[in-house]
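Note that these values count all heavy atoms, side chains included, but never hydrogens, waters or copies made by symmetry.
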Amino acid sequence: MDDDDRTSGAPFPYDPADRPLGVLVGFDGSDQSIQALHYAARAAQRLDCHLTVLTAYTESSMIYANLASLPSPPDEAVRETAAQGVLEGAREELRGYPGEVDFCTAEGDAAGALVV
């Protein structure tokens with residue numbers, strides 16, 4: 001970062017070509033997240049920008065004593081599959097939405113996943 005970037009008043013240098021801005025909303029299938037999803041979709045439409053729907057999942061920190069006690073399928077795969085199922089609910093809620101939407105999952109807590 002050069003001196004011009006620090007004195008421009010911007011909190012960090014931003015190049016729109018690197019990361020297009022849009023509306024990001026967390027979704028967990030709860031009533032509140034459904035309301036947030038619809039609000040975010042309307043905001044993205046008004047702003048004529050991209051909508052990203054994110055579902056976060058955490059990985060267990062279980063320690064297995066031996067190979068026989070490892071779950072099959074692995075915990076991470078089960079959680080990822082469950083997160084994809086939650087996103088299916090968001091897809092249903094947005095059926096017919098005319099804008100561009102990305103549906104994605106992220107490992108970690110919801111607040112941390114939304115900030116990154």
Side-chain angles (χ1 to χ4, degrees):
M1 177 185 293
D2 61 18
D3 288 333
D4 290 335
D5 289 335
R6 277 184 255 136
T7 59
S8 69
F12 56 89
Y14 171 70
D15 181 4
D18 290 341
R19 183 173 146 199
L21 293 178
V23 176
L24 171 66
V25 63
F27 185 81
D28 63 7
S30 67
D31 289 341
Q32 293 84 1
S33 72
I34 291 170
Q35 291 175 358
L37 177 66
H38 288 285
Y39 182 87
R42 287 191 306 271
Q45 260 189 313
R46 278 192 312 273
L47 297 169
D48 192 29
C49 66
H50 187 83
L51 174 64
T52 301
V53 182
L54 176 80
T55 294
Y57 64 95
T58 57
E59 187 160 333
S60 67
S61 58
M62 305 221 24
I63 299 173
Y64 303 101
N66 55 42
L67 288 176
S69 61
L70 284 173
S72 180
D75 284 344
E76 181 179 344
V78 171
R79 285 184 173 80
E80 171 72 22
T81 301
Q84 290 295 335
V86 170
L87 284 179
E88 284 304 316
R91 281 186 181 92
E92 283 298 311
E93 289 291 330
L94 291 176
R95 191 172 356 135
Y97 176 73
E100 185 180 346
V101 183
D102 276 336
F103 297 91
C104 54
T105 61
E107 183 182 336
D109 67 288
L114 289 167
V115 170
V116 175

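Note on residues 38-48: pairs passing side chain to side chain donor-acceptor pair (under 3.5 Å), not counting sequence neighbours, are His38-Glu93.
Gly26 and Ser33 get closest at one heavy-atom pair: O-CB, 4.0 Å. Nearest heavy atoms, Leu94 versus Ala41: CD2-CB, 3.8 Å. Closest non-hydrogen pair, Leu114 versus Val25, comes out as CD2-C, 4.3 Å. In plain terms, the two heavy atoms of Ala56 and Ala113 that are nearest each other are CB-CB, 4.0 Å.
If you chain together hydrophobic residues whose side chains sit under 4.5 Å apart, Val101 and Ile34 fall into the same group. Each of Tyr57 and Phe27 belongs to its own hydrophobic cluster when Ile, Leu, Val, Met, Phe, Trp and Tyr are linked at side-chain heavy-atom distances under 4.5 angstrom. Follow the hydrophobic side-chain contacts under 4.5 Å out from Leu47 and you never reach Leu54; the two are in separate clusters.
For the side chain to side chain contact (heavy atoms under 4.5 Å, CB included) test, residues two or more places apart in sequence or in another chain that qualify with Ala44 are Val23, Cys49, Leu51, Tyr97. With sequence neighbours left out, Leu87 forms a side chain to side chain contact (heavy atoms under 4.5 Å, CB included) with Val53, Thr55, Gln84, Arg91, Phe103, Thr105.
The structure places CG of Leu24 at 6.0 Å from OG1 of Thr52, a figure rounded to the nearest 0.5 Å. With rounding to the nearest 0.5 Å, the separation of CD in Gln32 from CD in Gln35 is 6.5 Å.
Glu100 CD: 12 or fewer foreign heavy atoms inside a 6.0 Å radius.
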